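Atom set for the values below is all heavy atoms of this structure, side chains included, hydrogens, waters and symmetry mates excluded. Nothing here was measured: the structure is a model prediction, and the numbers come from that model.
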Amino acid sequence: MEVCYQLPVLPLDRPVPKHVLSRRGAISFSSSSSLFGGPAPRQLSKRRGAISYDSEDQTALYIRMLGDVRVRKPKTPISMNVRRLLSFQRYLHSSRFFHGIPANNPLGYILDDDFTGQAKLMLQKVGNWNFDIFLFDRLTNGNSLVNLTFHLFNTYGLIELFQLDMVKLRRFLVMIQEDYHCQNPYHNAVHAADVTQAMYCYLQEPKLAETLTSCDLLLGLLAAATHDLDHPGVNQPFLIKTDHYLAALYKNSSVLENHHWKSAVGLLRESDLLSHLPTEDRLNMEERLGSLILATDISRQNDYLSEFRTHLDKGDLCLTNGGHRHFILQMALKCADICNPCRPWKLSKQWSEKVTEEFFHQGDIERKHNLEVTPLCDRQSNSVANIQIGFMAYVVEPLFVEWSRFSDTRLSQTMMSHLSLNKQGWNEGRDKQEASSSRASEEQRTPATKDSNSKVLPQGSKGS
């Protein structure tokens with residue numbers, strides 16, 4: 001196994017030393033890593049990384065993996081670190097931003113530099129279910145996740161409540177956004193921003209708004225923003241069948257979700273965002289964050305859904321109970337993660353096309369390397385409509401039916417209405433496509449004849 005740097009190895013349950021966290025760039029790939037179309041291992045020395053994995057003693061040191069961002073030089077000033085992610089307008093004032101913010105309205109100063117007028121107006125309606133994250137991402141110059149999450153922290157007063165350093169928070173959010181792979185059609189920072197906005201809508205629902213604590217709100221937003229952190233653009237079965245080192249590291253169980261969680265923890269520690277909190281509280285928050293992110297594992301959908309249904313049937317959910325509140329946060333994040341089919345058609349259709357594009361890309365890689373093509377990822381036998389209809393019927397609808405039982409509000413009715421209309425739209429599209437394909441097939445099967453009614457003259461006869 002070839003590695004870029006040699007890092008010390010220690011069990012996963014031990015805290016990562018600060019001097020090690022500062023040394024990013026130690027990814028060790030299995031021989032199958034070329035399937036991702038990534039660079040040669042030695043080229044990774046220019047990129048930030050996360051894992052030094054020892055296959056012999058099954059121990060590993062986790063820092064974080066990053067696939068497409070270059071290493072920042074250790075002595076480079078903070079303002080230079082984030083410059084590439086700042087718009088030109090923000091860059092002009094970066095020195096003022098990092099060296100002092102007017103005391104009379106500190107948050108307002110940042111917002112003034114960050115947003116155009118239209119983006120500010122959109123944030124005033126961030127709790128609207130029709131919120132267009134694609135438009136917001138364009139208006140913020142591709143920084144939708146940073147700007148939206150910072151705004152929500154400000155809205156809830158979490159910066160003051162937890163005494164968060166705004167520079168550290170900003171840097172933390174920038175690193176989160178960097179760690180999403182922009183080349184992924186679906187699992188990218190825009191998806192994370194969309195899930196965070198949906199999570200905010202759920203947190204605003206009466207049952208939750210009346211009972212959630214400030215810590216619940218903080219963790220809910222953090223989990224939404226980081227739930228797919230450093231997603232490679234392929235699914236867990238792909239990682240397992242290609243013997244990817246992450247599959248070995250997490251023993252083929254919730255591989256991606258464990259990686260997203262550990263990546264988020266790595267960023268929290270690197271940024272020192274919560275370093276001022278007592279160690280016990282900080283570790284507890286990291287564990288709860290992991291519990292939320294792990295709940296998004298789609299392979300465990302039925303387990304969570306069954307428990308949710310049982311609670312609703314018994315009517316024993318009590319949101320003054322911390323455990324029950326945490327469970328509802330898990331269900332809310334699960335809903336936010338797969339809520340695209342419940343959005344208005346204009347938004348839902350875009351997400352459907354993007355996730356299918358990512359599926360098909362995986363299928364193309366599998367076919368290219370003579371691997372068994374995942375049925376869902378086979379562009380030769382599948383379509384966007386077929387995939388979405390199945391996803392809605394077997395995954396989305398059962399979950400949102402139970403969520404509507406729990407929170408029977410106008411938002412839930414709106415989501416179920418959109419789900420029904422979108423399902424109808426995809427069914428109509430599939431019917432038209434099948435009819436068109438059927439006509440094309442009939443035309444190909446029908447033999448072409450020049451003149452079926454012409455008479456054949458007897459041999460030797462002459463025409464008049």
Excluding sequence neighbours, so at least two apart, what forms ring pair (Phe, Tyr, Trp, His ring centres under 6.0 Å) with [X]?
{"X": "H227", "value": "H191"}
{"X": "H418", "value": "none"}
{"X": "Y200", "value": "Y156"}

Proximity of H260 and H231 rings by center, below 6.0 Å: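 Yes: the rings meet the under 6.0 Å criterion.
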Check: F134 ring centre within less than 6.0 Å of W351 ring centre: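 Ring centres of W351 and F134 closer than 6.0 Å.
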Looking only at side-chain N and O atoms, does [Y] offer a donor or acceptor that is under 3.5 Å from a partner on [X]?
{"X": "D230", "Y": "H181", "answer": "yes"}
{"X": "Q362", "Y": "E358", "answer": "no"}
{"X": "N143", "Y": "Q177", "answer": "yes"}
{"X": "Y186", "Y": "D228", "answer": "no"}
{"X": "S299", "Y": "Q236", "answer": "no"}
{"X": "S404", "Y": "Q413", "answer": "no"}
{"X": "D337", "Y": "T296", "answer": "no"}

Salt-bridge contact D216-R288 (side-chain N to carboxylate O under 4.0 Å):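 Between R288 and D216 there is a salt bridge, with a charged N closer than 4.0 Å to a carboxylate O.
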Salt bridge K349-E353, side-chain N to carboxylate O under 4.0 Å: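 Salt bridge: yes.
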Set of salt bridge (Lys or Arg N to Asp or Glu O under 4.0 Å) partners for D194, sequence neighbours left out: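 Listed in chain order: R343.
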Axial cation check for F131 ring with K125, 6.0 Å and 45° limits: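 No, K125 does not lie over the aromatic ring of F131.
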Can you list, pair by pair, the side-chain donor-acceptor contacts under 3.5 Å of residues 387-400, counting residues two or more places apart and other chains?
residue, atom, partner, partner atom, Å
Q388, OE1, S352, OG, 3.1
E397, OE1, K423, NZ, 2.7

Under 3.5 Å donor-acceptor, N188 side chain and P185 backbone: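 Such a contact is found between N188 side chain and P185 backbone.
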Salt bridge (Lys or Arg N to Asp or Glu O under 4.0 Å) pairs, two or more places apart, involving residues 307-316: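 As it turns out, the salt bridge (Lys or Arg N to Asp or Glu O under 4.0 Å) pairs with a partner in residues 307-316, which skip direct neighbours, are R309-E402, D313-R405.
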Plane angle bin for W403 and Y202 - parallel if under 30°, tilted between 30 and 60°, otherwise perpendicular: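 It falls in the tilted class, 30° to 60°.
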